[in-house]
There are 2 protein chains.
Amino acid sequence: MDKKVDLLVRVSELYYEQGLNQSAIADILGTSRPTVSRLLDEAKEDGVVEVIVHSPIKKDPQLSHRLRVNLGLREAIVVSGNYDYEKGLSRCCEAANQLFSTIIENNKTVGITWGSALKILCDLIEPKDYYNVNVVQMVGCLATGNPNLDGLELAFRMAKKLGGTYSNIYAPIYVESEVVYSYLVAEPQIEATLKRAMHTDIILTGIGSLDSNTTLQKAGYLTDRDRIDLIGRGAVGHLLAHPFDKDGNEIPLIGRFAISAPLEAMRAAEWSIGISASEFKAEAVLAAVRGGFINTLVVDQKLANKVLELAQEEE
Amino acid sequence: MDKKVDLLVRVSELYYEQGLNQSAIADILGTSRPTVSRLLDEAKEDGVVEVIVHSPIKKDPQLSHRLRVNLGLREAIVVSGNYDYEKGLSRCCEAANQLFSTIIENNKTVGITWGSALKILCDLIEPKDYYNVNVVQMVGCLATGNPNLDGLELAFRMAKKLGGTYSNIYAPIYVESEVVYSYLVAEPQIEATLKRAMHTDIILTGIGSLDSNTTLQKAGYLTDRDRIDLIGRGAVGHLLAHPFDKDGNEIPLIGRFAISAPLEAMRAAEWSIGISASEFKAEAVLAAVRGGFINTLVVDQKLANKVLELAQEEE
DNA sequence: CAAGAAATTGAAAAAATTATCAAACAAAAT
DNA sequence: ATTTTGTTTGATAATTTTTTCAATTTCTTG
């Protein structure tokens, strides 16, 4: 048995360390090329050779792969480790930043929403001077006491970091009057921004759930009653201020008009990246994917497992 | 620049951790297959991915490769580390044992010489029960006070470990009388052994130098005068009790008749493995290779460097 | 701001690797 | 001893990867 390991070591050294090809090794060994290929497979299998990817952020390759394949995503990144909500979200944002840095380039339009994921991500972005990058605020303002979670400020800060321009929506996230709504969306700057939001290349967003802790409610834009009502009508999450059910069908919010791009805008982007952490987001995340709003997920291990579990149950 | 590293990490994770092929990655990235191939190259180059071969004996892949290619060897193994003679030889023997264990199989004839390398190697061999393995003593006996360096005992012990048979030469390494020589080589058992020695599959041997410490002289088979004379006639080393010059031409030893297989026997074996350590062996090693007596070297770093240096000088 | 140099890219071709399959071999059971 | 069963092996085919090369883009430098 030791003979076998010695052989695996020998072949692996020749292949990986000395860089010979399999047919040269076959000649040395006096065997055939396919046999060398099999030996190298075994060496990997048995842990004689190990391939390490040096990344500052450790990911779970199995989960990433399953998530991507099972949900039909363009890409899925699952950060390893068992973190609490805050820490998990931070790690996801680091991974999202890593991903974003490889996608962003000159002449791209970046659509953003709001929330803590976006804030953390925005902080992480390395300043760089791109040409003709436009950051578009896709949802109206969330006038909480904490302006740095707000799309308005985030778009400004992100544009600054990327050396680009920004398109803002100087309006609240929801209005209750249809007249006001009509006026606002016709307002030239807002109209222009919303139009741009329909043609973004990269969208970065958190994924809204409908638990009682949702920022939307805390900020006073949604009452507990509204929330219960939405849940009663099947809603499980929201994006761009639009709630949707588990299949991604929009559930209208009665008596509120959202000053934001329609959900359709999410489908137009080449990259629509959802960043989210912790199990309680699972339903919303799965629905966002089922609706085709999100084609790329950056999540933590817990959430990934929960989402896959839910997806399984659906059958 | 960080963008590039992030991209290399991303591609490497997809390729090595998730096992996607390059064209799947190209689709995700929105680029071409060759670009992915180039990125993976870069990732290796930049140390983003590292391939580790877990071997109990660390080798120097660069030196191994250079030695093999520059000297046209079947295989070359250079053990890493800066050891003194004793320790270096031990490490070489461990590596040689590793190599040997991958080569030896049923129905093979193994030719051995004598010396400390062979003794250490013999101690390391794992007992195993091969079928029809024959261990052939290729050189007569070296009657020093230390019988365990002697081919006679080594052949016996090695055969025992491999579960095979042995063929011995019950005669001294050299005799001074031609009559005695003729009688001995015609002696049935010796004749049979010498005949077998001409058709070995694997030869294991140290490589003899002509420094004043050579065991041959210490054992009294060679006087200092003989040695100086040989050196004067161009000899730089010896194998199977036959001295040779730097190009591998045999230098006859005047007044001595060797009871051993001819140098030609070395060329017949598929594997003729020379085990040697320390710089002072360099000339002898290079000559043994130049003469085509050795097709595989197992040496330490110091010796490898020195041999390569000498080989370079020859041009 | 244009012109040339250098680097980057993808299409096509070449090379290398992996998968498939049937034959040879070995082990086990009759 | 002989058949059966399960491995191992290498030839062939299919796939994947790498190289080559021409075209394009990007970066310098006058």
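Letters A, B, ... mirror the listed sequences (proteins, then strands); counts begin at 1.
- Spacing between atom CG of A:Asp129 and atom P of D:dC27 amounts to 12 Å, rounded to whole angstrom units.
- Using a 4.0 Å cut-off, no side-chain N or O of A:Ser37 falls inside it from OP1 or OP2 of C:dT17.
- Put simply, OH on A:Tyr16 is 14 Å from C1' on C:dA16, counting in whole angstrom units.
- Residues B:Asp60 and B:Ser80 bring no donor and acceptor atom of their side chains to less than 3.5 Å of each other.
- Using a 4.0 Å heavy-atom distance criterion, A:Arg33 is classed as making no nucleic acid contact.
- Atom CG in B:Leu20 sits about 15 Å away from atom C1' in D:dT17, given to the nearest Å.
- Among the nucleotides D:dG10, C:dG10, D:dT17, the one closest to the side chain of A:Thr35 is D:dG10.
- At least one side-chain heavy atom of B:Ile103 sits less than 4.5 Å from a side-chain heavy atom of B:Ile273.
- Projected onto DNA chain C by closest heavy-atom contact, A:Arg38 and A:Ser23 fall at different nucleotides, the more 5' of which corresponds to A:Ser23.
- Looking at heavy atoms from C-beta onward, A:Lys128 lies out of side-chain contact with A:Ile104 at the 4.5 angstrom threshold.
- In this structure, the nucleotide among C:dT17, D:dT17, C:dG10 sitting nearest to the side chain of B:Thr31 is C:dG10.
- Looking at heavy atoms from C-beta onward, B:Gln301 lies out of side-chain contact with B:Arg91 at the 4.5 angstrom threshold.
- Looking at the side chain of A:Asp41, the nearest of the listed nucleotides C:dT17, C:dA19, C:dG10 is C:dA19.
- Between the CG atom of A:Leu29 and the C1' atom of D:dG10 there is a distance of 14 Å, rounded to whole Å.
- Side-chain atoms of B:Asn97 never come within 3.5 Å of backbone atoms of B:Leu121 as a donor-acceptor pair (strictly under, hydrogens ignored).
- Rounded to an integer number of Å, the gap from A:Leu40 CG to C:dA19 C1' is 15 Å.
- In this structure, B:Tyr15 reaches the sugar-phosphate backbone alone: every heavy-atom distance under 4.0 Å involves primed, P, OP1 or OP2 atoms, never a base.
- Rounded to whole angstrom, the span from the CD atom of A:Gln22 across to the P atom of D:dT9 amounts to 15 Å.
- Here the side chain of A:Pro34 is nearest to one of D:dT17, C:dT17, D:dG10, namely D:dG10.
- Between the CG atom of A:Leu39 and the P atom of D:dT9 there is a distance of 8 Å, rounded to whole Å.
- Side-chain proximity of A:Asn21 to C:dT17, C:dA19, D:dT17: nearest is C:dT17.
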